[in-house]
Amino acid sequence: METSGNFYRNEAVREFYILINVLIREDNKWNYPFINSSYYNGNIDKSEILDRISHDDDRMSIYLKGILENSNINLYRERIKYESHIRLIEEIISQLRPEIIYYKKMCREFKEIKNGNQIAKMKAIEYKINLMHCIFLIKQAFTDNDASLSKIEKYLRIQIETNSTENEKKIQEQNNNLMIKCMTVHKAKGLEFDRVIIPFTKHSFTVNNSEIDLIISRYFRSKIGYKFKLSNSLEIKNDFYELLKEKEKEEKIGEEIRLLYVAMTRAKHKVYFHRDKIYDNSCKYNNWMNVVIGG
């Protein structure tokens, strides 16, 4: 079931927008909403915060900075400088598991209500579904290389302010036994399902946006390949780089093909692949869809 027009004002999307902003900015305007969101699992002493608000911003900043240390936000901020932003976001969501924290919050909210735990579970699943749909829409709007945090923030800000057509995803109570389970391929190992949906089949196997790329060989003893990007038109690399890069690519492709095999063989009846309207007919095995189409 879909609720008309309020997707970008859904709590999962709003909290995701807070996460994006706290990764970009060290600002109390976003730090405080973040520690109250489903991305932070620590205990907060509201009286401590109120006491610091009544004094000065510096005391508040120091206090919130100490709290944020527990969530690895500073580590993620550092990694933004040299990693794919969209992939790092997916890793943060996987590690912090906001749907679990949201579920606990809903359990507390509905603890006095009959079947409150079941209601909390449904709301947590809806939270996860809407969050994953938000990631899907962002990936449709940007390529993996182009999806910087600042661009994602601007995109979400505009959508939150103006979009009244995208629908929030809801679960109908009578269909509880038909819920979709979302999980990684690794977590699905050993499990079976009637039907399997495989999304994001256009993700490139190998992406490297960093200015420095070092490869330590497992095949050639004491060999290291390197490439330094000095500008958009100038880079320096040694003689071993291309050879080791090709070996690394072959390993990655092999690993991804094995993962795809695991994903496909989880299905007892049917497998569904998400495919872009425009398909790259390249023979290169650089994503799952190329592997499926190319055999």
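Because the structure is a prediction, the values reported are computed rather than measured.
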For the residue pair [X] and [Y], what are the closest heavy atoms and their distance?
X	Y	value
I198	A263	CD1-CB, 3.8 Å
N31	E26	ND2-C, 4.2 Å
C107	A120	N-CB, 3.6 Å
I152	A147	CD1-O, 3.8 Å

In Å and rounded to the nearest 0.5 Å, what is the [atom1] to [atom2] distance from [X] to [Y]?
X	Y	atom1	atom2	value
K139	I135	NZ	CD1	7.0 Å
L149	L88	CG	CG	7.5 Å
L137	Y155	CG	OH	5.0 Å
K81	E78	NZ	CD	3.5 Å
N41	R97	CG	CZ	11.0 Å
N10	E15	CG	CD	9.0 Å

Check for a donor-acceptor pair, side chain of [X] on one end and backbone N or O of [Y] on the other, with a separation under 3.5 Å.
X	Y	answer
N163	E166	yes
R9	I160	yes
R266	V262	yes
R195	K270	no

Among K170, E168, E99, the one residue meeting side chain to side chain contact (heavy atoms under 4.5 Å, CB included) with N130:
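Among K170, E168, E99, the one meeting side chain to side chain contact (heavy atoms under 4.5 Å, CB included) with N130 is E168.
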
Candidates T162, L156, T165, I158 - the one meeting side chain to side chain contact (heavy atoms under 4.5 Å, CB included) with Y8: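 Checked T162, L156, T165, I158 against Y8; only one passes side chain to side chain contact (heavy atoms under 4.5 Å, CB included): L156.
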
With heavy-atom distances below 4.5 Å as the criterion, would you say the side chains of [X] and [Y] are in contact?
X	Y	value
F16	S37	no
R79	L75	yes
I89	I20	yes
L96	Y40	no
I18	Y39	no
V22	R77	yes

### Query
How far apart are the C-alpha atoms of I92 and L23, what are their side-chain angles, what is the distance that settles it, and do they pass the side chain to side chain contact (heavy atoms under 4.5 Å, CB included) test?
CA-CA 11 Å; I92 292 171; L23 288 169; 3.9 Å; yes

Are [Y] and [X] connected in a single hydrophobic cluster, I mean Ile/Leu/Val/Met/Phe/Trp/Tyr linked by side-chain heavy atoms less than 4.5 Å apart?
X	Y	result
M122	I101	no
L260	M183	yes
F273	I257	yes
I197	L191	no

**Q.** Sidechain N-carboxylate O distance under 4.0 Å for K123, E11
**A.**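 Result for this pair is no, no salt bridge flagged.
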
Check your understanding: Are any of the side-chain nitrogens in E91 or R87 under 4.0 Å away from the carboxylate oxygens of its partner?
Key ->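 Looking at R87 together with E91, the answer is no, because their closest N to O distance does not fall below 4.0 Å.
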
Those residues that, when tested against F193, pass ring pair (Phe, Tyr, Trp, His ring centres under 6.0 Å) (two or more places apart):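 Ring pair (Phe, Tyr, Trp, His ring centres under 6.0 Å) list for F193, sorted by chain: empty.
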
May I have the step-by-step check of side chain to side chain contact (heavy atoms under 4.5 Å, CB included) for E256 and N287, ending in yes or no? CA-CA 8 Å; E256 290 290 342; N287 57 57; over 6 Å; no

Return each pair, listed once, that meets ring pair (Phe, Tyr, Trp, His ring centres under 6.0 Å) where at least one residue sits in residues 97-127; pairs must be two or more places apart or across chains.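 Checked against ring pair (Phe, Tyr, Trp, His ring centres under 6.0 Å) - neighbours excluded - the pairs reaching residues 97-127 are Y102-Y127.
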
Next item on the list: Would you indicate whether K268, at its atom NZ, is surrounded by more than 12 heavy atoms from other residues, nucleotides or ligands within a distance under 6.0 Å?
Entry: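 More than 12 within 6.0 Å, yes.
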
Go through the steps to decide whether Y76 and L19 satisfy the test side chain to side chain contact (heavy atoms under 4.5 Å, CB included), and finish with yes or no.
-> CA-CA 11 Å; Y76 295 137; L19 170 67; over 6 Å; no

| message | Please evaluate residues F136 and M132 with respect to the criterion side chain to side chain contact (heavy atoms under 4.5 Å, CB included), reporting the C-alpha separation (whole Å), side-chain torsions for both, the decisive distance (0.1 Å), and the verdict. | response | CA-CA 6 Å; F136 171 73; M132 291 299 97; over 6 Å; no

| task | Mind checking side chain to side chain contact (heavy atoms under 4.5 Å, CB included) for R157 and listing every partner two or more places apart, or none if nothing turns up? | result |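 Expected list: Y17, E153, K154, E161.
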
